[in-house]
Protein chains: 2
Amino acid sequence: MFSKACEYGIRAATYIALRSLEGKRTSLKDIAKETDSPVAFTAKILQQLSKNKIVESVKGASGGFEIQKRNVHTIKLSQIVYAIDGDKVYHGCGLGLRECNGAKPCPVHDKFIGIRDGLKNMLETTTLLEMTRGLEVGLTYLKR
Amino acid sequence: MFSKACEYGIRAATYIALRSLEGKRTSLKDIAKETDSPVAFTAKILQQLSKNKIVESVKGASGGFEIQKRNVHTIKLSQIVYAIDGDKVYHGCGLGLRECNGAKPCPVHDKFIGIRDGLKNMLETTTLLEMTRGLEVGLTYLKR
DNA sequence: TTTATTTAGGACATTTTTGTCCTATTTATA
DNA sequence: TATAAATAGGACAAAAATGTCCTAAATAAA
Ligand code: FES
Ligand code: FES
């Protein structure tokens, strides 16, 4: 569904959001540990998220990553997916034609559109705040 | 969503189904041409589909690929996807945890389940016959 | 001011996916 | 029977995705 990079990105952003709500900045090392992700690869992904203003990074001792509390409930999963995987979720054809196009649809177009819209809707309505809800009370997990 | 191999596989199987309904066997060359797919790569995929009894292959001059007419309406997209991409559509976690597991769900689990079930349902209820319907009358396309 | 800690980013390595090429085998037909 | 046309399958190649390593720069604190 998503690339590994994107999966790591969502997990990382979610963990940063969780920590930010506690008023804490989080180091790359901790993020990688708590999301069970490869450290150096996660670093690259966080660079992307930082450039896209999804997370803020602070260099130097006691530096790390954070998200302004007031932004945690405004950031949508769609922004993260877009920053990492681009718009293929939005324009991709289910059968791999160059782009989805209702004027010359592939045989799965009508059915695929429904599924894609469901996904799109989910990504556009789910906020990082919502992602942290279950984590706080141990109902959901970012690693196993 | 699906691998390139799977996309090519669905397109190839659909075209073979269309031709089989006309009582015609189709060569690899034609399949690749009509689905705008790389010939040799498509050959590999057709080998898989053949091993999985989704298409039948006939060697030699005037050989090619075909599907028994009576099977065209019984073969589901899910069979093709399973033959090529395996069961990750069924057991994959949206955030890349080792496997989707409702007992220790990731933060998108509940929402993801819905989308995945929609996809699953679509794959399991769409037959090759249905895939060919629009093609016959020029309403849908396997290439552009 | 020095040192330790931390992110930024370029270069490189590995793995997976995608794609090609060649030879063997099968089969219809001339 | 010889030839041409077609799939099967192994080996290889290229590209993309994933992942690692190292140095530079920034910053807090000793
Ligand atoms: S054209 Fe294939 S999904 Fe829209
Ligand atoms: S556990 Fe992640 S989707 Fe089910």
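We use all heavy atoms of the structure for the numbers below, so side chains are in, but hydrogens, waters and symmetry mates are not. By convention in this document, chain letters (A, B, ...) are assigned in the order of the sequence lines, proteins followed by strands, and residues within each chain are numbered from 1. What you see is a predicted model; the values in this text were computed from it and never measured.
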Per-nucleotide protein contact string for nucleotides 23-30 of chain D, where B marks a base within reach and S marks sugar-phosphate only (heavy atoms under 4.0 Å, - for neither): ---BBS--
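- For Thr126(B), the side chain to side chain donor-acceptor pair (under 3.5 Å) partners two or more places apart in sequence, or in a different chain, are Lys111(A).
- By the 4.5 Å heavy-atom criterion applied to side chains, Leu97(B) and Arg11(A) are counted as neighbours.
- Separating the CG atom of Asp85(B) from the C1' atom of dT18(C) is a distance of 13 Å, rounded to the nearest angstrom.
- The list of side-chain hydrogen bond (donor to acceptor under 3.5 Å, both in side chains) pairs with a residue in residues 92-104 of chain B, not counting sequence neighbours, is empty.
- Shown here are the salt bridge (Lys or Arg N to Asp or Glu O under 4.0 Å) partners of Arg25(B), two or more places apart in sequence or in another chain: Glu66(B).
- One finds a salt bridge joining Lys4(A) and Glu7(A) here, because a Lys/Arg side-chain nitrogen approaches an Asp/Glu carboxylate oxygen to under 4.0 Å.
- Under a 4.5 Å side-chain heavy-atom cut-off, the cluster of Ile, Leu, Val, Met, Phe, Trp and Tyr residues that includes Val137(B) is completed by Leu139(B).
- Residue pairs meeting the side-chain hydrogen bond (donor to acceptor under 3.5 Å, both in side chains) criterion with at least one member in residues 44-63 of chain B, sequence neighbours excluded, are Glu56(B)-Gln68(B).
- Here the P atom of nucleotide dT7(C) and the CD1 atom of Ile45(A) are 14 Å apart, to the nearest Å.
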Footprint string (nucleotides 11-22 of chain D, 5' to 3'): B base within contact, S backbone only, - free, heavy atoms under 4.0 Å: B------SBB--
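- Whole-Å rounding puts the Gln47(A) CD to dA8(C) P distance at 6 Å.
- For DNA chain C, none of the residues of residues 12-21 of chain B falls under the heavy-atom distance limit of 4.0 Å.
- What separates CD of Glu66(A) from C1' of dT6(C) is a distance of 13 Å, to the nearest Å.
- With sequence neighbours excluded, no residue forms a side chain to side chain donor-acceptor pair (under 3.5 Å) with Thr14(B).
- Under the rule for a salt bridge (Lys or Arg N to Asp or Glu O under 4.0 Å), Arg116(A) has no partner lying at least two apart in sequence or in another chain.
- Here the side chain of Lys29(B) is nearest to one of dT7(D), dA6(D), dA8(C), namely dA6(D).
- Rounded to whole angstrom, the span from the CD atom of Glu7(B) across to the C1' atom of dT18(C) amounts to 12 Å.
- Rounding to whole angstrom units, CD of residue Gln48(A) and P of dA8(C) are separated by 12 Å.
- Not counting sequence neighbours, Glu34(A) has no partner by the salt bridge (Lys or Arg N to Asp or Glu O under 4.0 Å) test.
- The distance from atom CG of Leu28(A) to atom P of dG9(C) is 14 Å, rounded to the nearest whole Å.
- Judged as a salt bridge (Lys or Arg N to Asp or Glu O under 4.0 Å), and not counting sequence neighbours, Lys33(B) has no contacts.
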